[in-house]
Every structure is written in structure tokens, then in C-alpha cells.
Amino acid sequence: DTGSAAAIPINEVDIAYVTPVTIGTPPQTLMLDLDTGSSDLWVFSSLTPSNQVRGQEIYSPTKSSTSKLLSGHTWSIRYGDGSGSRGTVYTDNFTIGGLEVKSQAVQAALEVSSSFTQEQSLDGLVGLGFSALNTVRPSSQLTFFDNARPNLDEEVFTADLKYHATGSYDFGFIDSKKYAGNITYTAVQQSPGYWTHSLSGYSVGSGAFQASQISGISDTGTTLVYLPTAIVTAYYRQVQGAQNSQYYGGYVFPCSSTLPTFTFGIEGARFTIPASYINYTRISPTSTTCYGGLQSSSGLGINIFGDVALKAAFVVFSGTNPPRIGFAIK
Ligand SMILES: COc1ccc(CN)cc1O
């Protein structure tokens with residue numbers, strides 16, 4: 001089997017991408033954020049208090065003839081940005097882009113944090129990290145990819161995220177029309193459950209490539225790129241008027257400043273993030289101060305290769321044994 005679905009930016013600065021999925025019988029369509037940085041599939045639901053729902057589509061298990069309560073099971077998740085949700089669990093038929101998993105664990109939210117309530121065009125998440133990270137208890141549940149894997153033509157899914165445009169996620173095949181040249185693969189450390197791998201180094205603008213193993217996670221559910229402070233300060237040293245603002249919680253600069261590109265290495269291959277991707281957003285609609293798409297990871301305890309980096313490549317998440325991740329130019 002295979003599947004293919006759109007990855008649609010939810011706002012004008014690509015803060016997150018959503019993908020149409022169907023749940024239940026008859027199918028209920030929700031727009032979910034496919035997130036390789038977590039492993040819970042949770043949705044706004046008929047059980048979510050109405051004062052926490054603001055325009056989202058909801059999953060109503062009672063309206064599905066194929067839903068089953070996973071009795072006695074609950075879940076609760078906290079993300080790196082402090083947002084979170086919790087609830088109960090059903091199994092139901094679940095499809096992404098024509099690929100169906102029968103009896104997928106669908107985690108129905110009983111509570112969501114305010115940032116999810118405010119994100120009106122995001123109806124939940126599909127965790128595509130390793131199932132070891134799933135928070136359902138007393139028995140943890142499998143991700144959509146782990147459930148689909150035995151039926152896939154190839155044990156892979158790919159991410160083709162785009163800057164200010166709709167991209168795609170494919171399951172079970174690698175579409176050679178979506179990239180150029182070769183795919184460069186590198187090893188994945190699947191413990192504790194992220195798609196953890198190393199960059200082989202980086203360069204700023206036309207500067208020399210700095211060879212250096214930089215371990216981090218490729219995370220489609222994180223907007224920006226978070227790297228060690230030394231690398232980030234080297235980058236913003238090239239930006240007129242840049243400063244690390246306590247007030248704004250990161251590097252900001254005059255929107256009129258010229259930004260260099262940022263290149264990262266995967267083994268011997270090189271991927272360049274255009275300056276436009278790093279000129280992320282104005283700090284407020286009328287401001288002339290802009291917030292960078294490259295920020296320091298010092299507060300996180302982990303480096304994160306988020307959407308600003310991933311949208312510069314075609315990315316293959318390979319569930320082979322051992323798992324690996326591949327990057328290609330597009
Ligand atoms: C839109 O909000 C979110 C989306 C995805 C995650 C998981 N990385 C956390 C969020 O707060």
C-alpha cells in the first residue's frame with residue numbers, strides 16, 4: 001500500500017503544516033499536524049470542553065459505527081513549547097492520503113492548552129516519532145506509521161515541506177519526481193524515540209564549512225531550527241543590528257537587514273537554507289523588527305532541525321532496521 005497527502009501551511013509564516021485525514025465510519029475529516037517529534041495521535045473531539053474549542057473540526061466517536069473505546073486508557077502530553085493536552089482513547093479506522101489503518105488508536109482530547117485552542121486551523125496531531133514515546137497508559141499505542149508499516153510497499157514515509165506553499169507527505173514509496181540528484185542517508189539513533197541523527201557540520205553564507213558532528217532531531221512539528229549557541233551567534237554576527245533579545249526570547253534583527261544563507265551537512269552532502277526562510281516573521285504586524293528562524297537550543301537540552309531546515313530538502317524517514325533518515329535536494 002501507499003498514501004500521499006498535502007502538507008498545508010496553517011498561516012502566512014508556515015508556523016505549522018496540516019494534512020487532511022479521515023477517522024471513522026462514515027469518515028470524519030480533520031486537519032492534523034504530522035509531527036515526527038512526538039508519537040501520540042490526538043484530536044479535538046466531542047469530549048473537548050466547548051470553551052476550549054475555537055473553530056477546530058472535532059472527532060465524534062459516537063457518530064462512528066467503527067469506533068471502540070479503549071477502556072481504562074488515558075494519555076497526557078507536554079510539548080517542548082509548554083503546550084499540551086490529555087484525554088481518553090478510542091480505536092477507529094484512520095486514513096491519510098488513501099492509506100488506511102483499521103483500529104488505529106485515536107486519542108480524544110478531554111483538555112487542550114490555550115495555544116492549541118487559539119490555533120483554529122489545527123485539529124490535532126499525528127505523531128510520527130517512534131512508538132516508544134507514546135503516552136497512552138496502562139498500555140502504550142502504536143503510531144500510524146508503525147500500524148501501516150506491514151502493508152507498505154516500502155517501510156518509509158517522506159516529507160516535502162515547502163516555504164509559503166503546500167507540500168506533501170508520502171507513505172510507502174519514494175517519489176523520484178520530488179527531488180533531484182541522490183538521497184544521502186545517515187544513521188538514526190531511535191532511543192529515546194525521536195528521529196535523532198547528526199549533521200556533519202555547517203556554514204554561514206559563503207563562509208568555510210565547519211566540520212562538526214551536531215546531534216539533533218528532525219522534527220516536522222517544530223517551526224524553527226534550534227542549534228548550539230556558538231553556531232547561532234556566528235550566524236547573527238553577519239546580520240546588521242541583530243541581537244539576542246530577552247524581551248522577545250531570541251535573536252531579532254531589523255527586517256531590512258540582509259541575512260546570509262545557512263548550510264548544513266548530512267554526511268558529504270550540503271543543504272542550503274535560503275535567507276528568506278530565516279527571516280521568519282515580524283514580531284508584530286507593523287513592526288520593523290524581525291524574529292529569526294534560527295535560534296539557540298541552549299535552553300532546550302536538544303538540537304532541533306525543525307521546519308525551517310526540513311523545507312530546504314526532501315526528507316526520507318526510513319523505518320528499516322536499523323532506521324535511517326535521508327535528505328535530497330529538491
Ligand atoms: C500548533 O501548536 C503545536 C504544534 C505542534 C506541537 C508539537 N511539536 C506543539 C504545538 O504547540
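Ligands are counted one by one from 1 in listed order, and the atoms in each one are counted from 1 as well. Hydrogens, waters and symmetry mates are skipped; everything else that's a heavy atom, side chains included, is used.
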Would you check ligand 1 and list the protein residues that come within less than 4.0 Å of it by any heavy atom, ordered by chain and number?
->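 Asp33, Asp35, Tyr79, Asp81, Ser83, Phe116, Glu119, Leu122, Leu125, Gly221.
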
Strictly by modelled atom types, are Thr272 and Thr263 linked by a side-chain donor-acceptor pair under 3.5 Å?
->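 A pair is found: one side chain offers a donor N or O, the other an acceptor, under 3.5 Å apart.
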
Consider only side-chain N and O atoms of Thr229 and Ser296, and report whether a donor and an acceptor are under 3.5 Å apart.
->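 Indeed, the side chains of Thr229 and Ser296 share at least one donor-acceptor pair under 3.5 Å.
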
Are the side chain of Tyr17 and the backbone of Lys162 linked by a donor-acceptor contact shorter than 3.5 Å?
->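 Side chain of Tyr17 to backbone of Lys162: a pair is present.
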
Say whether, by atom type as modelled, one donor and one acceptor occur between the side chain of Asn134 and the main chain of Gln141 under 3.5 angstrom.
->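 Checking the backbone N and O of Gln141 against the side chain of Asn134, a donor-acceptor pair under 3.5 Å is found.
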
Could you tell me how the ring of Phe145 sits relative to the ring of Trp195: parallel (under 30°), tilted (30 to 60°) or perpendicular (over 60°)?
->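 Plane angle between 30° and 60°, so tilted.
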
With a 6.0 Å cut-off on ring centres, are Tyr280 and Tyr291 close enough?
->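 Between Tyr280 and Tyr291, the centre distance exceeds or equals 6.0 Å.
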
